[in-house]
Amino acid sequence: MGTVILGTGSCLPRNVVTNSDLEKIVDTTDEWITSRTGIQSRHIASGDEYTYKLSARAAEKALEMAGVGAEELDLIVVATISSHMLMPSSACFVQNEIGATNAFAWDLNAACSGFLYGIDLADKYVRADKKSKILVIGAETLSTRINWEDRNTCIIFGDGAGAAVVGYSESESGYIGSNLSSDGSLWKLLHMHAPESTNPNLKVPDNTGAHIVMEGREVFKHAVKAMEDAVRGLLEREQLTLDDINLVIPHQANIRILNKLKERLQLPEDKVFINVSDYGNTSAASIPIALDEAKRSNRISSGDTVLFCSFGGGFTWGASLIKW
Ligand code: UT7
């Protein structure tokens, strides 16, 4: 009995960019990208596939699965770091696009951990008011925030959106809890400046432009340790073990990070949902896209306990548990 995910949905841009396509843009090879990241292709937005448009399509599918009308929504949260405007939020655009006339809406910035932060927040709302229906979306068009001349980053990221409708159920299922963290002291290792300040008296130092800058190796090390610690801490607190978990849905950062995590937690291959080869790292969208795929391919059954874990810029990281 408690907060449940009533429906999920996802939407990927039409255009698929392969590693061979990237060989034509930067000094890289399919072999390097595949062996270092496990990524073979990613979807890249074009035309009017803005973050909010992908979000709205994902949301419509989630609402349909949930059997909830858009006008029943109380709150829309879009976790993103790549809204097509700074104001209004992507959430407000989604609210208008899907006709959620009774919802208030805002964006959440927690990079790759945004969806888990959003679900945790939705849980608090639902606990306060069992009638609440909340749409949590993780969506990115990071292709608009990439330096396409930087081979360290442009090969990694992809675009897409995933959505979940959150509500209350009297059944045995529900949100078990989370273990979420942030550490702003390490921001430099993975960051993206805002556009240049127009205030001549306020200069932001070292503004390298509004695109992603990453110290890959350092991020890698922190990501593995942080996700492992978050998972262990959460399981210990909830008095569960990995044997109690039916499926792990991690942030799809990089296959080597996921393999290290599997190794450290001694997770069997079939307990971890991985789709990074087809989508790359879609930041806040990666977990909800994977969740939707897992749900629609019957990898999650009623009664299953699903474990999520994430790591991203901020740094932000965490783990959460839901009994289906
Ligand atoms: O959501 C969290 C976000 N971030 C991540 O998950 C990223 C975490 N980090 C990583 O995934 C890895 O660090 C990368 C995939 C980014 C890089 O792999 P790496 O094994 O750590 O490589 P590296 O940065 O240490 O670079 C090794 C070499 C360098 O050449 P030299 O200096 O040894 O001659 C790089 O210049 O590989 C070179 N390199 C490339 N070569 C071909 C870097 N990017 C590329 C590339 N193609 N795309």
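Just follow the structure's listing: the first ligand is 1, and inside any ligand the first atom is 1.
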Tell me the protein heavy atom at minimum distance from [atom], and give that distance in Å.
atom: atom 44 (N) of ligand 1; value: Trp32 CH2, 3.3 Å
atom: atom 43 (C) of ligand 1; value: Asn152 OD1, 3.2 Å
atom: atom 38 (C) of ligand 1; value: Arg151 NH2, 3.6 Å
atom: atom 4 (N) of ligand 1; value: Met214 SD, 3.2 Å
atom: atom 23 (P) of ligand 1; value: Arg217 NE, 3.7 Å
atom: atom 9 (N) of ligand 1; value: Gly216 O, 3.0 Å

Out of all atoms in ligand 1, which are within 4.0 Å of some heavy atom of [X]? Include the element for each.
X: Ala253; answer: 6 (O)
X: Val219; answer: 4 (N), 5 (C)
X: Asn281; answer: 1 (O), 2 (C), 3 (C)
X: Thr37; answer: 15 (C)
X: Asn254; answer: 10 (C), 11 (O), 15 (C)
X: Arg36; answer: 19 (P), 20 (O), 22 (O), 27 (C)
X: Arg256; answer: 18 (O), 20 (O)
X: Ile257; answer: 6 (O), 8 (C)

Using only heavy-atom distances, determine whether the side chains of [X] and [Y] contain a donor-acceptor pair under 3.5 Å.
X: Ser113; Y: Ser310; value: yes
X: Thr51; Y: Ser83; value: no
X: Asp120; Y: Ser178; value: yes
X: Ser143; Y: Asp159; value: yes
X: Ser182; Y: Tyr117; value: yes

| Checking salt bridge (charged side-chain N to carboxylate O under 4.0 Å, His left out) for the pair Arg14/Glu49: CA distance, chi angles, key distance, verdict? | CA-CA 9 Å; Arg14 288 177 294 272; Glu49 292 174 323; 3.5 Å; yes

| field | Presence of salt bridge, Arg57 and Glu97, under 4.0 angstrom | value | yes

| query | Is the shortest side-chain N to carboxylate O distance from Glu218 to Lys221 below 4.0 Å? | reply | yes

| message | Between Leu265 and Val224, is there shared hydrophobic-cluster membership here, with clusters defined by ILVMFWY side-chain heavy atoms closer than 4.5 Å? | response | yes

| message | Quick check on side-chain hydrogen bond (donor to acceptor under 3.5 Å, both in side chains): which of Thr282, Thr18, Asn19, Asn281 does Arg42 satisfy it with? | response | Asn19

| task | Could you check which of Ile156, Ile33, Thr316 puts a non-hydrogen atom nearest to atom 16 (C) of ligand 1? | result | Ile156

Determine, counting only non-hydrogen atoms of the protein, whether one lies under 4.0 angstrom from [atom].
atom: atom 29 (C) of ligand 1; value: no
atom: atom 48 (N) of ligand 1; value: yes
atom: atom 34 (O) of ligand 1; value: no

| query | Heavy atom under 4.0 Å from ligand 1: found in Thr28's side chain, backbone, both, or neither? | reply | both

| Region of Asp27 that comes within reach of ligand 1 [heavy atoms, distance under 4.0 Å] | backbone

| task | Answer yes or no: does atom NZ of Lys61 have more than 12 heavy-atom neighbours from other residues, nucleotides or ligands under 6.0 Å? | result | yes

| said: A quick test of your reading: do over 12 heavy atoms of other residues, nucleotides or ligands sit less than 6.0 Å from NZ of Lys188? | reply: no

| Does Cys112 come within less than 4.0 Å of ligand 1, judged by its heavy atoms? | yes

| request: Decide whether an N or O pair under 3.5 Å exists between Thr29 and ligand 1. | output: no

| Would Tyr52 and His84 count as a close aromatic pair, with their ring centres under 6.0 Å? | yes

